[in-house]
Amino acid sequence: MAIHNQLGKWGEDVAADFLQQKGYRIVARNWKYGKRDLDIVATDGDTLVVVEVKTRSGNILIQPEMAVDYAKLMSLRKAANAFVKARLIDATIRFDVVSISVQTAQQYKIVHYQDISMY
């Protein structure tokens, strides 16, 4: 596995633990729909939450969450729609981003952006 893929997997594991500690229930991880994927799907009370995880290491020039651009948001929206249809889910849906900036495996910063705008 490439280094960036290992970092991404580690970041998704950290984000899932973080969300569970906040009371979220993880429903799915790395759910695939064609070339699209959903990093984490969870519930927060009665709300279905689609979580995009962005992890970056070292001295970064832009924050990880800046990589979630319009095209990525539209891709997430399509995959989330397919997920809801496949699982016959009738719930309010929210999109979140978890940004992880890593210095070392023990030293990192997590920022959780809730209910991001999809437009």
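Across all their heavy atoms, V27 and R87 have their closest contact at CG1-NH1, 3.7 Å. H112 and F18 make their closest contact through CB-CE2, 3.7 Å (heavy atoms, listed as atom of the first residue, atom of the second, distance). Residue D69 comes nearest to K72 through the heavy atom pair OD1-N, 2.9 Å, listed as atom of the first residue, atom of the second, then distance. Of all heavy-atom pairs spanning A91 and D46, the tightest one is CB-O, 3.8 Å. V102 approaches Y108 most closely through the heavy-atom pair CA-CB, 4.0 Å. In terms of heavy atoms, A79 sits closest to Y33 at CA-CD2, 4.1 Å.
Using a 4.5 Å heavy-atom threshold, the side chains of V98 and I110 count as touching. When side chains are defined from C-beta on, F83 counts as touching I89, because their heavy atoms get closer than 4.5 Å. Residues D13 and W10 fail the side-chain proximity criterion, which asks for heavy atoms closer than 4.5 Å.
Atoms OH and CG, on Y24 and D17 in that order, are 14.5 Å from each other to the nearest 0.5 Å. Annotation: the span from E12 atom CD to R29 atom CZ amounts to 6.0 Å, rounded to 0.5 Å.
At a threshold of 4.0 Å, the pair D39-K54 does not count as salt-bridged, since none of the basic side-chain nitrogens sits closer than that to a carboxylate oxygen.
D96 places a side-chain N or O within 3.5 Å of a backbone atom of D115 that can act as its donor or acceptor partner.
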